[in-house]
Amino acid sequence: MPNPLSPRTIELVKLSVPALAAHGAEITRRMYSILFHDDHIRELFNHANQGEGGSQVKALAGAILAYAQNIENVEALVPVVERIAHKHIGYHILPEHYPFVANALLSALADVLGEATTPELLDAWGEAYWFLADILKERELEIRNQLEAQTGGWNGWRQFRIEAKVKESIVVTSFTLRPVDGGPVLRQKPGQYLTVRFAITPGETVKRNYSISSVPNNETYRISVKRETNGQGASKHLHDLMEVGSVLEVTPPAGDFYLPDEPSKPVVLLSGGVGLTPMVSILETISAEYPDLETHFVHGALNSQTHAMDRHVRRLATDHGRATVKTFYSEPTADDAVGFSHDHDGFITVQWLKENTPFDTADFYICGPKEFLAALVSGLLKEGIASSRVHYEFFGPTTELLAA
């Protein structure tokens, strides 16, 4: 743990809260502009998140504001630090990259706030930045050491070859990945993700996070990818141009969303669309290792054409014996029918969960689109479910909306 912040630094950072609230997005937009002047820093980022109506800019602005507001409460930073540390492991962000961010942040504060950014205020924010950066670096070093110490563990980018490619629905395709070097792979915690890197043109490399959709093993990983119609074309490239034998680069499994060792409470897995991928890994693990664990898999899809891996999920539940599967279709086709292709029309609701799952005792694991998370995470919390029982994964900039 780094040395505590000085009282004067805490005072100045808290005094800057109104300015951050008023100009936060402008500051972070300027910060990214400065950062991306360095090509090797620019290459570290997933630039798909820089779009989406400026969601990454807004998310970072919110994070900086929250840090300033809680500058005296280090304990409040623990969940945020854990999530950021895992993201940094995925994107292979190293200690030598932190000074670039420090320079960009302080320069952006000076540029946007002008005369209000006195030398003393910039010094205070410099101290506050490095306090948090040192906490992150310590945690990232711990995670990297743990990963490398395990069978099949590694650090940084490693080449994997596509061993199998399976079309799961009209929009989702699964890819089984095996390391080119022929060595073992680290057993992920069920629910974690991989970060993959590949070129979509000779001069354009993309990075993406994809949940692992297979049970942990020492040989391969499976990712199940939705074909997106917008963005930089990463998923389209995977679907259309990468075949069995194609090679991409992968960092070790990461993420703070996963089934714990020896789960003791009933489990409710809630997924929307391609958000089912980490849930399949979790359900495969439960089926193989926890025969007595009460499990409810509840999934929402548009219809049978987009619904991936349904037969596989139902077979796992049947084999397990104490697992149930329920599916909701929000836009069923003319060929879909309740009781045949799916269980319910419409959307998963908190009220339905109250009536059909062990609501008062279960741990809830949730993954899906932002709107899906916003409805279910906030709905569960409003119904009095403790935040310690609500676990969620979201790829992209998370916002306070999810826990509002």
Side-chain angles (χ1 to χ4, degrees), residues 43-48 89-92 147-148 150-255 273-278 280-281 284-285 305-313 315-316 395:
E43 290 174 358
L44 295 171
F45 287 78
N46 175 0
H47 290 276
I89 297 297
Y91 287 113
H92 198 42
L147 292 173
E148 289 187 278
Q150 297 179 58
T151 300
W154 76 96
N155 182 25
W157 298 100
R158 183 181 181 186
Q159 287 191 324
F160 280 69
R161 182 173 286 111
I162 297 174
E163 182 177 80
K165 180 178 179 181
V166 177
K167 192 174 181 64
E168 307 284 7
S169 75
I170 64 170
V171 292
V172 175
T173 295
S174 289
F175 302 83
T176 300
L177 309 178
R178 185 179 292 274
V180 171
D181 60 28
V185 299
L186 178 73
R187 291 173 64 90
Q188 84 277 9
K189 295 180 184 295
Q192 288 188 309
Y193 58 83
L194 295 178
T195 303
V196 304
R197 178 172 74 177
F198 54 91
I200 57 174
T201 67
E204 185 178 8
T205 298
V206 296
K207 300 181 182 73
R208 292 292 184 271
N209 302 133
Y210 294 119
S211 291
I212 302 168
S213 62
S214 55
V215 68
N217 64 75
N218 292 120
E219 298 182 357
T220 62
Y221 301 115
R222 181 180 66 209
I223 57 174
S224 302
V225 180
K226 179 185 176 184
R227 179 188 174 95
E228 302 288 355
T229 57
N230 50 19
Q232 292 177 286
S235 65
K236 289 184 284 187
H237 185 88
L238 274 170
H239 277 242
D240 298 344
L241 298 176
M242 301 198 80
E243 302 294 344
V244 171
S246 297
V247 173
L248 42 72
E249 294 178 297
V250 180
T251 52
V274 76
L276 65 80
T277 53
V280 173
S281 177
E284 287 189 356
T285 302
Q305 293 184 343
T306 64
H307 188 179
M309 308 176 89
D310 183 43
R311 289 183 181 177
H312 178 58
V313 166
R315 184 169 61 250
L316 288 170
F395 293 110

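All residue numbers in this chain count up from 1 along the given sequence. Any value given below was found using the heavy atoms of this structure, including those in side chains, with hydrogens, waters and symmetry copies removed.
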Any donor and acceptor pair, going by atom type alone, linking the side chain of Y221 with main-chain N or O of L186 inside 3.5 Å? yes
With sequence neighbours left out, the residues meeting ring pair (Phe, Tyr, Trp, His ring centres under 6.0 Å) with H239 are none
Under 3.5 Å, is there a donor-acceptor pair between the S224 and S174 side chains? yes
All salt bridge (charged side-chain N to carboxylate O under 4.0 Å, His left out) counterparts of R187, not counting sequence neighbours: E289
For T176, all residues meeting side-chain contact (heavy atoms from CB on, under 4.5 Å), sequence neighbours excluded: E163, A164, T220, R222
Scan residues 164-173 for pairs that pass salt bridge (Lys or Arg N to Asp or Glu O under 4.0 Å), counting only residues two or more places apart or in two chains. K165-E243
Ignoring hydrogens and geometry, is there a side-chain-to-backbone donor-acceptor pair from E204 to T201 under 3.5 Å? no
Gap separating the CD1 atom of I223 from the CD1 atom of I212, nearest 0.5 angstrom: 9.0 Å
Does any N or O in the side chain of D240 come within less than 3.5 Å of the main-chain N or O of L238, such that one atom is a donor and the other an acceptor? no
If we only count heavy atoms from C-beta on, is the E219 to P184 side-chain gap below 4.5 Å? no
Proximity of F160 and W154 rings by center, below 6.0 Å: yes
Sorted by chain and residue number, the salt bridge (charged side-chain N to carboxylate O under 4.0 Å, His left out) partners of R158 (sequence neighbours excluded) come out as D181
Under the 3.5 angstrom rule, does the side chain of Q159 hit a backbone N or O of V180 as a donor-acceptor pair? no
Please enumerate all residues that pass side-chain contact (heavy atoms from CB on, under 4.5 Å) together with T306, with sequence neighbours excluded. I170, V171, A301, L302, N303
Quick one: do T251 and Y91 satisfy side chain to side chain contact (heavy atoms under 4.5 Å, CB included)? Show the steps, please. CA-CA 7 Å; T251 52; Y91 287 113; over 6 Å; no
Could you go through the side chain to side chain contact (heavy atoms under 4.5 Å, CB included) check for I162 and M242 one step at a time? CA-CA 8 Å; I162 297 174; M242 301 198 80; 3.9 Å; yes
Donor-acceptor pair, distance only, cut-off 3.5 Å: does the side chain of S235 make one with the backbone of E228? yes
Just verifying a value: how many Å separate I89 CD1 and N155 CG, rounded to the nearest 0.5 Å? 7.0 Å
Taking all non-hydrogen atoms of both residues into account, name the closest pair between G233 and I200 and its distance. O-CG2, 4.5 Å
CZ/F175 to OG/S213 distance, rounded to the nearest 0.5 angstrom? 11.0 Å
Quick one: CG on L177 to CG on L248, what's the gap to the nearest 0.5 Å? 5.5 Å
From L147 atom CG to Q188 atom CD, the distance as rounded to the nearest 0.5 Å: 12.0 Å
Hey, does the side chain of S169 reach the backbone of A308 with a donor-acceptor pair shorter than 3.5 angstrom? no
Contact summary for Y210 and A234, nearest pair of heavy atoms: OH-CB, 4.4 Å
Smallest heavy-atom separation, G275 atom then P278 atom, equals O-CD, 3.3 Å
N/O donor-acceptor pair under 3.5 Å between T195 side chain and N209 backbone: no
Heavy atoms only: give me the nearest P190-P216 pair and the separation to one decimal. CD-CG, 4.0 Å
Is there a side-chain contact between T173 and V225 in this structure, where contact means two heavy atoms from C-beta onward sitting under 4.5 Å apart? no
